[in-house]
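Working notes for the structure below.
Sequence lines set the chain letters: A, B, ... in the order given, protein chains first and strands last, and positions in each chain run from 1. Treat the numbers as computed from the prediction; the structure is a model and nothing was measured.
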4 protein chains.
Amino acid sequence: MSTDSKPRKTGGKSQKKPAAGKPAVTPSPARRRELLATAAEVFAAHGYSATTVRRIADEAGLLAGSLYYHFDSKESMLDEILSTFLDELWAGYDAVLAAGLGPRETIEALVTESFREIDRHRAAVAIYQNESRQLAARPRFGYLADSQRKFEKAWLGTLERGVAEGVFRPELDVRLTYRFVRDTVWVAASWYRPGGHHGPEEIARQYLSMVLDGIAVRD
Amino acid sequence: MSTDSKPRKTGGKSQKKPAAGKPAVTPSPARRRELLATAAEVFAAHGYSATTVRRIADEAGLLAGSLYYHFDSKESMLDEILSTFLDELWAGYDAVLAAGLGPRETIEALVTESFREIDRHRAAVAIYQNESRQLAARPRFGYLADSQRKFEKAWLGTLERGVAEGVFRPELDVRLTYRFVRDTVWVAASWYRPGGHHGPEEIARQYLSMVLDGIAVRD
Amino acid sequence: MSTDSKPRKTGGKSQKKPAAGKPAVTPSPARRRELLATAAEVFAAHGYSATTVRRIADEAGLLAGSLYYHFDSKESMLDEILSTFLDELWAGYDAVLAAGLGPRETIEALVTESFREIDRHRAAVAIYQNESRQLAARPRFGYLADSQRKFEKAWLGTLERGVAEGVFRPELDVRLTYRFVRDTVWVAASWYRPGGHHGPEEIARQYLSMVLDGIAVRD
Amino acid sequence: MSTDSKPRKTGGKSQKKPAAGKPAVTPSPARRRELLATAAEVFAAHGYSATTVRRIADEAGLLAGSLYYHFDSKESMLDEILSTFLDELWAGYDAVLAAGLGPRETIEALVTESFREIDRHRAAVAIYQNESRQLAARPRFGYLADSQRKFEKAWLGTLERGVAEGVFRPELDVRLTYRFVRDTVWVAASWYRPGGHHGPEEIARQYLSMVLDGIAVRD
DNA sequence: CATGAATGAGTCTTCATTCAT
DNA sequence: CATGAATGAAGACTCATTCAT
């Protein structure tokens, strides 16, 4: 995978000093994942800064202070949620982009992949949607800005290629189109519920039909 | 309920001491508007709950405490920003809906009107976008839920009418389409900058072209 | 004055952004000084890290949170207490060192000046005594290390000059003597009470008599 | 009370379950001593209240919770460190005081003994120096106050005897002298490093020379 | 109208301590 | 004996809000 969003410490939290003896790194990625999932839901539902650590703890069934056994801070939870999500997202995207498809097929694949990610990381996507602009400015979350740049390059490039190859309408404002397409895909995280009427692939299909061919009946 | 998002006290807030025969102070509505505009920008930029009253005051050039001469609370600023915006929005929407246009023309008019609102109330739209879900649940902001319902009815109804009249494709999942259209329109507030390349009408046109006819070249 | 312990913001606390308007810097150095005096007493009595902000606030007659209107943090109070003290100390020391006295007279003047400082800044001296070693390592308190170096140079230099000029015993281990003298002077802050039996000058005289001529009767 | 700073449970701490006929666990006193030595270093370096149990554990190579197998509490570690030190100190002091020496020789012997203790219990002395004032007020550490009283009696008595016998200068303020002497001796713990340039006896000799005969050349 | 100062509730975080395994 | 995970109390700090001047 090319663009890891960031290098993360595998497992335990930061230990101040390995010092003299043995105190090994704390494993138990299972509990960690559980807690992160809970935190992600709460962040997604109420917004990061409106979410209290105590709320997360309540939801997870422990006391607020106990979260700090597993995480350094509220922010580090957010960080881990987002970076984990982006790592997986880019694994999928990079595979699509490396497949050598035509513009239309690439768009289709990217959209489908996006809805799949929404299906699996609904909360993380919602958080990303709501918080990334403010976060991207801070050094710790610099990888968000990186990701955004890569993202734009991938979509914009594909759209331009499509126009050049005559697959997409020539009068398209690609930049504008890119924004429309990007936003509509991701904003779906705010209403999508896994296990609902439509699976991600079905939603992708409907969405692609609209974007590619429009909703109007052809004259 | 007709159109007003909520009944608001016209003019200033309650005077502290109307008793002792003093001439009623006239809290300049101009200053009030200025301050609300500043607050809206900050809310939009950083999120409501991450915005401190002091930040707003700094930006406005006074001290935090002084804001309380003009407003009851941080929440009441938010309230006034959102309700003012919604009042104007519905004035426009209602005019469109009352015009008796066909489905396609109605959609076109609503979209155009929406981008005009974004042009004039960018900050308010951004705030609405980010905060309305959580706010709608609270009694004070019940008008947000009302508005949302009216909104859905207007769009969904138009889409359904369009399908029924054979103007829109019959296989359309209108509910899904509604969500896509709605989100894409409003999410534009997050990147739109008044006075930029494209005016609201131009953006609306591009957007409508995509939604109605798709981006793909017709075979 | 040559070695300012550190440049300090005169008056108000740090303001994040002067931003648009007028919000002037908060003056009122009086209240500030009061609060710092209280804080210094408590720090001196219980140690910095064992002192709670609430304790200081209780002693000062306000609520813990209110201290943050005047100071950025508990640490910044400590900082201001120490740097203010060191500024004054060095004003006195530098005057002595610039006076061109002989070694014995310089020692006498430094000791006397030191006890005067203890008389006026008892709490600050006690804090300095207890906390400076740990603090000096941290960047913010780098001036403590600077001061210590200057201090050593002044005393050690004078002692060496005295030995060279035949005023002090030739077999003296000056480094060891320096430490003894330095510690004994400053540790007096732990029992000294202003307004007690002996004024600072009297204590200095007794102390100098011991250090210079010993406590034993001459044979 | 004779010399024991406090009556301590000999051997380990109270067993959790002496009931069910299990062979009494033998908590190795060696490990205990190791851990106390580590704790003492950390307490001395950072101050008691600024030291976290976790820090001690890190330094000792185990986890924070594991320390509680060996000790009841952080405070009990401090207690044991200080009382062990004082027991040994008083063993030495009592021997000196019982030897029937003259005032000057007694002072010499006490000073020498003190520097020997610093040599062997540097960390404990440093802790004592920094924390005893606050601790002495608490019941559990009442022995610190006792010790201080005994200490004062021994030194003050010897100084007074010396003045009475014409060995020390008659104009001496013995109380002030006592404080100077006491402080200078013990504060040495803050810079003394075992195995350095001077052994404890050498330092004692230099120090006694200064205190008894002064640093100035006799005219 | 605005300021300066304060309140008080609440937030994140730390840390000594406990305990089942 | 030690670990991993938790508790719960307390600590530093923030912030919306109030109010006398």
Side-chain angles (χ1 to χ4, degrees), chain A residues 12 21-24 26-28 31-32 35 49-57 60-75, chain B residues 16 25-28 31 49-57 60-77, chain C residues 12 21-24 26-28 31-32 35 49-57 60-77, chain D residues 16 25-28 31 49-57 60-77:
Chain A
K22 306 139 222 171
T26 311
S28 145
R31 185 79 174 116
R32 207 179 168 76
L35 294 172
S49 81
T51 296
T52 70
V53 159
R54 204 185 132 208
R55 180 83 192 251
I56 299 173
L62 39 64
L63 291 181
S66 307
L67 283 173
Y68 289 81
Y69 180 80
H70 301 276
F71 306 99
D72 285 335
S73 64
K74 183 184 166 187
E75 195 180 276
Chain B
K16 293 267 155 69
V25 191
T26 314
S28 140
R31 184 83 172 112
S49 81
T51 295
T52 70
V53 164
R54 197 179 145 210
R55 179 82 192 252
I56 298 171
L62 39 65
L63 291 182
S66 308
L67 282 173
Y68 287 80
Y69 177 84
H70 301 276
F71 306 98
D72 286 333
S73 65
K74 182 184 167 188
E75 196 179 272
S76 81
M77 294 187 225
Chain C
K22 305 139 221 172
T26 312
S28 144
R31 186 79 174 114
R32 208 180 166 76
L35 294 173
S49 82
T51 296
T52 69
V53 160
R54 203 187 132 208
R55 179 82 192 252
I56 298 172
L62 41 62
L63 291 181
S66 306
L67 284 173
Y68 289 83
Y69 179 78
H70 301 276
F71 305 99
D72 284 336
S73 64
K74 181 184 166 188
E75 195 179 276
S76 81
M77 295 187 223
Chain D
K16 293 268 155 72
V25 190
T26 313
S28 143
R31 184 80 173 117
S49 81
T51 295
T52 69
V53 164
R54 196 178 147 209
R55 177 82 192 252
I56 299 172
L62 40 64
L63 291 183
S66 307
L67 282 173
Y68 287 79
Y69 177 84
H70 302 277
F71 305 99
D72 286 333
S73 65
K74 182 183 168 189
E75 196 179 272
S76 81
M77 294 187 226

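- Here the shortest heavy-atom pairing between B/F71 and B/M77 reads CG-CG, 3.7 Å.
- Positionally, the nearest nucleotide of DNA chain E for C/L35 lies more toward the 5' end than for the other of D/K74 and C/L35.
- B/T51 comes within 4.0 angstrom of sugar-phosphate atoms only, judged by non-hydrogen atoms across all strands, and of no base.
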In dot-bracket, 5' to 3', how would DNA chain E read with Watson-Crick or G-U wobble pairs under 3.5 Å, [ ] for crossing ones and | for pairs to another strand? .||||||||||||||||||||
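- Projected onto DNA chain F by closest heavy-atom contact, D/L67 and B/G65 fall at different nucleotides, the more 5' of which corresponds to D/L67.
- Atom NE2 in C/H70 sits 6.5 Å away from atom CG in C/L62 (nearest 0.5 Å).
- Pairing each heavy atom of C/Y68 with each of C/S73, the nearest pair is CE2-CA, 3.8 Å.
- Atom CD1 in A/I56 sits about 11 Å away from atom C1' in E/dC12, given to the nearest Å.
- Taking each heavy atom of B/L63 and B/A57 in turn, the nearest pair found is C-CB, 3.6 Å.
- Comparing A/R31 and C/S49 by the nucleotide of DNA chain F whose heavy atom lies nearest to each, the residue mapping closer to the 5' end is A/R31.
- The interatomic distance linking D/L62 (CG) with F/dA2 (C1') rounds to 8 Å, in whole Å.
- Considering only side-chain atoms of A/V53, the nucleotide from E/dC12, F/dA5, F/dA16 that sits closest is E/dC12.
- The two residues C/S76 and C/D72 come nearest to each other via the heavy atoms OG-N, 3.4 Å.
- A straight line from CD of B/E75 to P of F/dT17 spans 8 Å, rounded to a whole angstrom.
- Rounded to a whole Å, the CZ atom of C/R54 is 11 Å from the C1' atom of F/dG11.
- Of all nucleotides listed (E/dA5, F/dC1, F/dT17), F/dC1 comes nearest to the side chain of D/Y69.
- With distances taken from any side-chain atom of A/T52 to the nucleotides E/dA16, F/dT17, E/dT11, the minimum falls on E/dT11.
- Between A/Y68 and the phosphate of E/dT14, there is no side-chain N or O to OP1/OP2 separation shorter than 4.0 Å.
- Remark: A/K74 NZ to A/L67 CG distance equals 11.5 Å, nearest 0.5 Å.
- Within the nucleic acid shown, D/S66 comes within 4.0 Å of at least one base atom, counting heavy atoms only.
- Of the candidate nucleotides F/dA5, E/dC15, E/dT14, F/dA5 has the atom lying nearest to any side-chain atom of A/H70.
- For C/R54, the CZ atom is loosely surrounded, since the number of other residues' heavy atoms within 6.0 Å does not exceed 12.
- Heavy atoms of A/L63 sit under 4.0 angstrom from at least one base atom.
- Candidate nucleotides E/dA6, E/dT17, E/dT11 were compared by shortest atom distance to the side chain of D/A64, and E/dT17 ranks first.
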